[in-house]
Number of protein chains: 2
Amino acid sequence: MSVQSVERALDVLEALAEHGGEAGLSEIAARTGLPYGTIHRLLQTLLARGYVRQESDRRYALGGGLVRLGGIAESMVGVWAQPYLARMVELSGETANLAVLEGDFIVYVAQAPSPRRLRMFAEVGRRVLPHSTAVGKVLLSGRPASQAVAVFERTGMPRRTPNTITELTAMLAELEQVRSRGYAMDLGEEELGVHCLAVPVWDGGRVVAAMSVSGPAERIDGLDRDELAEGLRKIALDFGNELRPTADGS
Amino acid sequence: MSVQSVERALDVLEALAEHGGEAGLSEIAARTGLPYGTIHRLLQTLLARGYVRQESDRRYALGGGLVRLGGIAESMVGVWAQPYLARMVELSGETANLAVLEGDFIVYVAQAPSPRRLRMFAEVGRRVLPHSTAVGKVLLSGRPASQAVAVFERTGMPRRTPNTITELTAMLAELEQVRSRGYAMDLGEEELGVHCLAVPVWDGGRVVAAMSVSGPAERIDGLDRDELAEGLRKIALDFGNELRPTADGS
DNA sequence: CCCACTGTTCCGCGATGTGGAAAACGACTT
DNA sequence: AAGTCGTTTTCCACATCGCGGAACAGTGGG
């Protein structure tokens, strides 16, 4: 038996997140189905504690108090991911990464390096735009197309290499392909000569992170993609189950 | 009138944060004063939603669900900070930064560059160890000494330049000085020739972020430190008040 | 000034959350 | 295998708290 008020407060916070971090009370009501008075009371509580903030136009936004909790949680997720990333290195021979979407950016949260002397390295904590990375495409494919479009409109899709997808229509088609196939590829889109394959980490019906392996194009191309993706997906599923024991990867 | 259950759920989350992200039920009870049954019920609710996770030894930890909310909140805090950072640039002539503590690392969340051609640049999103940065010292000085010691024991204090403080005793004395003086300096400890002055951002009696200005040693040294610190503190106080309208900088 | 939409406040009521006690669990010792 | 101890989990009678509809207030546009 759960605590209804806490569930509702989380619903409100998630509604704000679904709106890119800020929304009006009526937008929250539309999304959560809760009465105005109830939402208002919950918001006042979160506001007093700094977890929500009210802007000058009376709209509400996620507040600074979440930054600290989110940062600690991120560190812990990175630690928990290590054994699974290690399994991915063992499976593929290449460097494995865990990434999350923070606002409009991909952030690398954890990594297990390949034992090979020629290996990929992405600085943990580094943030990149999502359009030119495999993990970025996985994460955005887990969001409604309208949210992905909003991200691309804010960030643009700057060309990183001749292979970078820079057209919105082509990108949306690519995301649709990622959805149906269950994995994304980066074929020298972020960096020439580097290929990458990423799979989603599911948590409660939502894609909360992405895991990937990356290395020199020839080596990645020398692997069977579908087979590799299947192996990575299984590991990612195990990881998602550890994050939330009842997580359903549907 | 606030919602008691939501307040308590936040108390539980903050108790976990105070314990480095994970704790047993009895530790949470000691810190919050809540009865075991109440805590357990709140934890089950947060657990079901992925905001808390239970480990194999039955201890609880902050969960992955906070990463997403924290990331969005961080982006927004960065946006809100911009006008204040711009004021700091205007005041000092140097590049201004906003940083937070995420686990054991300092993360640069926002920046306003100096208009000068010779200027400091720290990539937003970049993470560094706290011991050799002014913002790091500010943030750790806002924590109990035991927490700072725990961080240094985990990360070590690797020498970055000949000026880096690498001894625990010296560092704790330095943090004490930061507390009494109200600001921290980085005198070429992270990078030779670069000096930095940082002040705390208070939010509800807690140091939640740090703001700093940095530039070439000679230029920073050419400013009156106490005067500069006083000016930066005022701006940081304004920013803290925007984060939480009733924030008290005591 | 009026209107439409949004946000805020109030209060009677009953559903929800409380918290003490009992039961269960897990690690350790004998 | 049994006992001990500290911790966690479960239960349930009860009272408080959170609910939600209605009224009020605010805001921007015509």
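Chain letters run A, B, ... following the sequence lines, proteins first and then strands; every chain starts at 1.
Atom pair B/Leu43:CG and D/dT8:P shows a separation of 10 Å (rounding to whole Å applied). The separation between B/Leu25 atom CG and D/dT8 atom P is 5 Å, rounded to whole Å. Note: CG (B/Leu46) to P (C/dG17) measures 13 Å, nearest angstrom. Atom-to-atom, CD of B/Gln44 to P of C/dT16 comes out at 19 Å; the value is rounded to the nearest Å. Atom C1' of nucleotide C/dT18 and atom CD of B/Glu7 are separated by 16 Å, given to the nearest angstrom.
Considering B/Arg53, B/Glu55, B/Gln54, B/Glu22 as possible partners of B/Tyr60, the one that fulfils the side-chain hydrogen bond (donor to acceptor under 3.5 Å, both in side chains) test is B/Gln54.
The distance from the CG atom of A/Leu69 to the CD atom of B/Glu14 is 6.5 Å, given to the nearest 0.5 Å.
Summary of the strand contacts: A/Arg59 and A/Val6 both lie near DNA chain C, and taking for each the nucleotide with the nearest heavy atom, the more 5' one is attributed to A/Arg59.
Figure legend: B/Arg233 and B/Trp202 shown without cation-pi pairing, the cationic atom not lying both under 6.0 angstrom from the six-membered ring centre and within 45 degrees of its axis.
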Tabulate atom names and distances for all N/O pairs under 3.5 angstrom spanning the protein and nucleotides 19-25 of chain D.
{"from": "D/dC19", "atom 1": "OP1", "to": "A/Arg8", "atom 2": "NH1", "distance (Å)": "3.0"}
{"from": "D/dC19", "atom 1": "OP2", "to": "A/Arg41", "atom 2": "NE", "distance (Å)": "3.4"}
{"from": "D/dC19", "atom 1": "OP2", "to": "A/Arg41", "atom 2": "NH2", "distance (Å)": "2.8"}
{"from": "D/dG20", "atom 1": "OP2", "to": "A/Arg8", "atom 2": "NH1", "distance (Å)": "3.0"}
{"from": "D/dG20", "atom 1": "OP2", "to": "A/Arg8", "atom 2": "NH2", "distance (Å)": "3.4"}
{"from": "D/dG20", "atom 1": "O6", "to": "A/Arg41", "atom 2": "NH1", "distance (Å)": "3.3"}

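At least one donor-acceptor pair closer than 3.5 Å links the side chain of A/Thr45 to the backbone N or O of B/Val3. No donor-acceptor distance shorter than 3.5 angstrom exists from the side chain of B/Thr38 to the backbone of B/Leu34, with no hydrogens or angles considered. Without hydrogens or angle criteria, A/Gln82 side chain to A/Val79 main chain gives no donor-acceptor distance under 3.5 Å.
Partners of B/Gln4 under the side chain to side chain donor-acceptor pair (under 3.5 Å) rule, at least two apart in sequence or in another chain, do not exist in this structure.
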Using the salt bridge (charged side-chain N to carboxylate O under 4.0 Å, His left out) rule, take A/Arg179 and A/Glu174 through it: C-alpha gap first, then chi angles, then the decisive distance, then the call. CA-CA 9 Å; A/Arg179 285 188 194 100; A/Glu174 172 81 355; over 6 Å; no
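Residue B/Ser26 has a polar side-chain atom (N or O) positioned under 4.0 Å from OP1 or OP2 of D/dT8. Contact check, A/Gln54 against C/dT8: a side-chain N or O comes under 4.0 Å of OP1 or OP2. In this structure, A/His40 does not reach the C/dG7 phosphate: none of its side-chain N or O atoms is under 4.0 Å from OP1 or OP2. Phosphate proximity of D/dT9 to B/Tyr60: present, with a side-chain N or O under 4.0 Å from OP1 or OP2.
In the helix from C/dC1-D/dG30 to C/dT30-D/dA1, the rotation axis of the first five pairs and that of the last five pairs differ in direction by 50°, rounded to 10 degrees.
Using a 4.0 Å cut-off between charged side-chain N and carboxylate O, A/Arg206 and A/Glu18 make a salt bridge.
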